[in-house]
Protein chains: 2
Amino acid sequence: MIIKIGELAKISGCSVQSIRHYEKEQLLSAKIRSDGNFRLYDQADIERLLFIKYCRSLDLSLAEIRQLLSLNDSPMSQCDDVNQMIEQHIEQVERRIAELTLLNKQLKALRGSCTSKRTVEHCGILKQLNKAVSQNN
Amino acid sequence: MIIKIGELAKISGCSVQSIRHYEKEQLLSAKIRSDGNFRLYDQADIERLLFIKYCRSLDLSLAEIRQLLSLNDSPMSQCDDVNQMIEQHIEQVERRIAELTLLNKQLKALRGSCTSKRTVEHCGILKQLNKAVSQNN
DNA sequence: ATTGACTCTATAGTTACTATAGACTTTAAA
DNA sequence: TTTAAAGTCTATAGTAACTATAGAGTCAAT
């Protein structure tokens, strides 16, 4: 079964532009083109794109996915590389979670500090922000 | 006390380019320039920049900060606007935390699935990824 | 007067796309 | 068979919040 880019977009749930973008980034290429220069894809391409999409849903960068795909393409390479990448990615995600959790606390502390219907002159949030600034200074 | 941009960068911990960027984005402007066209800042500018920096550390966007600053500058406006913005921001942060937490779980499940020293041919991580893809399909 | 440090503007690069313009191709109906 | 709509092509610009660079001008000290 051979399909064009619009069909592939529908099947995969990716946008047409994304697919062209992945091609530019060397993650996925239409090996053949139609007479009119339209990209043509087969089943293997569909699977490759779904793989890419799944990895993106894990927040892996295109560079990381490119690496995974090339490991996948050359079966003699070592697992260690894959492991190490995933490990680093986990650390990065955990750092980000910690940051956001702290952030959330601070924002919630702010939220309580301003009662409605007052003018900003006495706005608790702005007061708190300004206070935080002068303390950090 | 009047200082130039390099000094302001040192005091605030922002880069020189960031400060110029904030000016382009209308968050902070050097009201005066030297004869040689150098930006000159005073104490109020330092405080304004520290305010910006603190808000950035809360992950507020430059657009949101611009809004806060303009509320701060016009004391007759309503607190409600500030409250609403912070509220939305909290929601956004919480959504992101939830996403990342799920992500983290999935990554950790992956991590265990590949033992070292094997070739990628039998790499558990890649196997799992490919499996996930075919299931979602 | 000259050197080195600093500053200026303007531009390109980062990431993973989205959106647009203008031209060409394909498919379906009239 | 013509024509119109829908799809596709490339290339370019925009998004966010910067960072990095080039090339030119300014300032302070020697």
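Owing to the predicted nature of the structure, the values given are computational and were not obtained by experimental measurement. Each chain gets a letter, A, B and so on, in the order the sequences are listed, and its residues count up from 1. In what follows, every heavy atom counts, from backbone to side chain, and hydrogens, waters and symmetry copies are set aside.
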What is the distance from [atom1] of [X] to [atom2] of [N], rounded to the nearest Å?
{"X": "Lys24(B)", "N": "dT15(D)", "atom1": "NZ", "atom2": "P", "result": "12 Å"}
{"X": "Tyr41(A)", "N": "dG7(D)", "atom1": "OH", "atom2": "C1'", "result": "14 Å"}
{"X": "Lys10(B)", "N": "dC6(C)", "atom1": "NZ", "atom2": "P", "result": "6 Å"}
{"X": "Arg96(A)", "N": "dT15(C)", "atom1": "CZ", "atom2": "P", "result": "17 Å"}
{"X": "Leu40(A)", "N": "dC9(D)", "atom1": "CG", "atom2": "C1'", "result": "13 Å"}
{"X": "Leu8(B)", "N": "dC6(C)", "atom1": "CG", "atom2": "C1'", "result": "14 Å"}
{"X": "Ile52(B)", "N": "dA17(D)", "atom1": "CD1", "atom2": "P", "result": "12 Å"}
{"X": "Ile3(B)", "N": "dC6(C)", "atom1": "CD1", "atom2": "C1'", "result": "14 Å"}

Counting side-chain heavy atoms from CB outward, which of [options] is closest to [X]?
{"X": "Leu62(B)", "options": "dT26(C), dC18(D), dT9(C)", "result": "dC18(D)"}
{"X": "His21(A)", "options": "dT27(C), dC8(C), dA16(C)", "result": "dA16(C)"}
{"X": "Ser61(B)", "options": "dA17(D), dC8(C), dT27(C)", "result": "dA17(D)"}
{"X": "Ser34(B)", "options": "dC9(D), dC27(D), dC8(C)", "result": "dC27(D)"}
{"X": "Gln17(B)", "options": "dC27(D), dT18(C), dT19(D)", "result": "dT19(D)"}

### Task
By nearest nucleotide on DNA chain D, pick out whichever of Ile5(A) and Arg20(B) is the more 5' one.
Ile5(A)
Taking the side chain as everything from C-beta on, heavy atoms only, tell me whether [X] gets closer than 4.5 Å to [Y].
{"X": "Ile11(A)", "Y": "Leu49(A)", "value": "no"}
{"X": "Cys14(A)", "Y": "Lys53(A)", "value": "yes"}
{"X": "Leu8(A)", "Y": "Arg39(A)", "value": "no"}

### Message
Less than 4.0 angstrom between a side-chain N/O of Ser15(A) and OP1 or OP2 of dT18(C), yes or no?
### Response
yes
### Query
OP1 or OP2 of dC9(D) sitting under 4.0 Å from any side-chain N/O of Arg39(A)?
yes
### Task
I would like to know whether Leu100(A) and Asp59(B) meet side chain to side chain contact (heavy atoms under 4.5 Å, CB included); could you show each step before the answer?
CA-CA 9 Å; Leu100(A) 288 177; Asp59(B) 237 21; 4.2 Å; yes
### Query
More 5' along DNA chain C: Tyr22(A) or Arg33(B), using each one's nearest nucleotide?
Arg33(B)
### Query
Any donor and acceptor pair, going by atom type alone, linking the side chain of Lys4(B) with main-chain N or O of Phe38(B) inside 3.5 Å?
no
